There are 2 protein chains.
Amino acid sequence: MNGIAKRVAAFESQLRKAGLRMTQQRRLILRILAESDDHPDAKGIFSRAFACDPTLSLSTVYRTMKLLETQGAIERHAFQDGVSRYEHADQDHHDHLIDVETGAVVEFSSPEIEALQAKIASELGYEIVRHRLELYGRKLPAPSRRKARA
Amino acid sequence: MNGIAKRVAAFESQLRKAGLRMTQQRRLILRILAESDDHPDAKGIFSRAFACDPTLSLSTVYRTMKLLETQGAIERHAFQDGVSRYEHADQDHHDHLIDVETGAVVEFSSPEIEALQAKIASELGYEIVRHRLELYGRKLPAPSRRKARA
DNA sequence: CCGCTCTTGCAAATGAGTATCGATAGAGTT
DNA sequence: AACTCTATCGATACTCATTTGCAAGAGCGG
């Protein structure tokens, strides 16, 4: 009991206010998302949810993701593999480092970079609406730790 | 002699080495790209090239873009409008600021940000292979640089 | 000029995501 | 619990960028 039930409840009241309904499908997808700490795509969410409810359709996942996004409950990212990936939005702003070999996603944040971005934009006569910063990297051999039998 | 013919020639010898052919279509597309200082998508390149050679097909543009990309002659960018946009690669590294209202693309570069990226990556145990930094902004009304407070 | 095979144009195929539509099921009311 | 209203669902058709299969065509070394 965790943030999960809390998030679902918060979203439920948010929906109510908008005259929308909290359906079984939305509850399920929301739970899947809240339980995920990676960045699944629509298919990934679908297959996890399908395991719980085999009547669920992929359309509903897409619809729900769009709804959740416009409600600000999740964030959508389009990394360079082309598909949209999602994560719940109730956390601090951060950017992503994607392991080019495994596809693993590491989150990080850098106030210094943010500040530089704002400075650059204003020098060019713009104010930033949003930004996208993705680092694609390869894991370095651990420098301080000896591998057992390298 | 402009860089254009030079680039085409350089690419031609690069192809030769790979056992590939310098066809009319490739020559044309390459010239279009070299002459462009914006970031056209496949359709845009196609329509510019089609004006010179109405027998050209869109498939060929896509195929050629892929070839040019793997040969390192161009760079492909996927901004948030969904389509792939291209630019020739024989220039300094830079990032992009996209005007959210007009779609205009402004190029900029920031060694400070690059340095911070490298630092962050190495702290996370990674070396950067490539990165993607896009600022989405709105043009500020006042071109003056007076700051009320700061 | 020959011929090998890389390339092309066309059309059909993919694949992510969206729209349509009849059927279903939330949720307030009684 | 029954009733009603309509948001939502599942299935399916569709869009749009990009890719691919294939037969005809064109580089280029000889």
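Convention: sequence-line order gives letters A, B, ...; per-chain numbering from 1. Model, not experiment: these values are computed from the prediction.
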Whole-Å gap separating P (D/dT18) and CZ (B/Arg76):
8 Å

d(CZ, B/Phe50; C1', C/dC10) in whole Å
13 Å

Rounded to whole Å, CD1 of B/Ile45 lies from C1' of D/dT18 at a distance of 13 Å

Could I get a table of every N or O pair under 3.5 Å where one atom is in the protein and the other is in nucleotides 14-16 of chain D?
none

Rounded to the Å, how far apart are A/Leu15 CG and D/dC9 P?
10 Å

Would you kindly give the CG-to-C1' distance between B/Asp53 and C/dT7, to the nearest whole Å?
14 Å

Please collect all ring-ring contact (aromatic ring centres under 6.0 Å, His included) contacts where either partner lies in residues 14-44 of chain B, sequence neighbours excluded, each pair once.
B/His39-B/His96

Hydrophobic cluster membership, with links at side-chain heavy-atom distances under 4.5 Å among I/L/V/M/F/W/Y: are B/Leu68 and B/Leu56 in one?
yes

Is the number of heavy atoms from other residues, nucleotides or ligands under 6.0 Å of A/Arg48 CZ greater than 12?
yes

May I have the distance from A/Glu12 (atom CD) to C/dA27 (atom C1'), rounded to whole angstrom?
11 Å

Quick check for you: among C/dC10, D/dT8, C/dC6, whose closest atom lies nearest to any side-chain atom of A/Arg26?
D/dT8

Are more than 12 heavy atoms, taken from residues, nucleotides or ligands other than A/Arg132, located less than 6.0 Å from that residue's CZ atom?
yes

Judged by nearest nucleotide, the residue sitting upstream toward the 5' end of DNA chain C, A/Ser84 or B/Met22, is B/Met22

Please determine whether a side-chain nitrogen or oxygen atom of B/Gln25 lies at a distance below 4.0 Å from atom OP1 or OP2 of D/dG27.
no

Under 4.0 Å, heavy atoms only, any strand: does A/Arg27 hit a base, just the sugar-phosphate, or nothing?
nothing

Measure all distances between protein nitrogen or oxygen atoms and nitrogen or oxygen atoms of nucleotides 19-26 of chain D, and list the pairs falling under 3.5 Å.
unit_1, atom_1, unit_2, atom_2, d
D/dG21, O6, B/Arg63, NH1, 3.4

Would you please confirm or rule out a distance under 4.0 Å between OP1 or OP2 of D/dC28 and any side-chain N or O of B/Arg16?
yes

Send over the distance from A/Leu30 CG to D/dT8 P, rounded to a whole Å.
14 Å

Between B/Leu28 (CG) and C/dT8 (C1'), how many Å, whole number?
14 Å

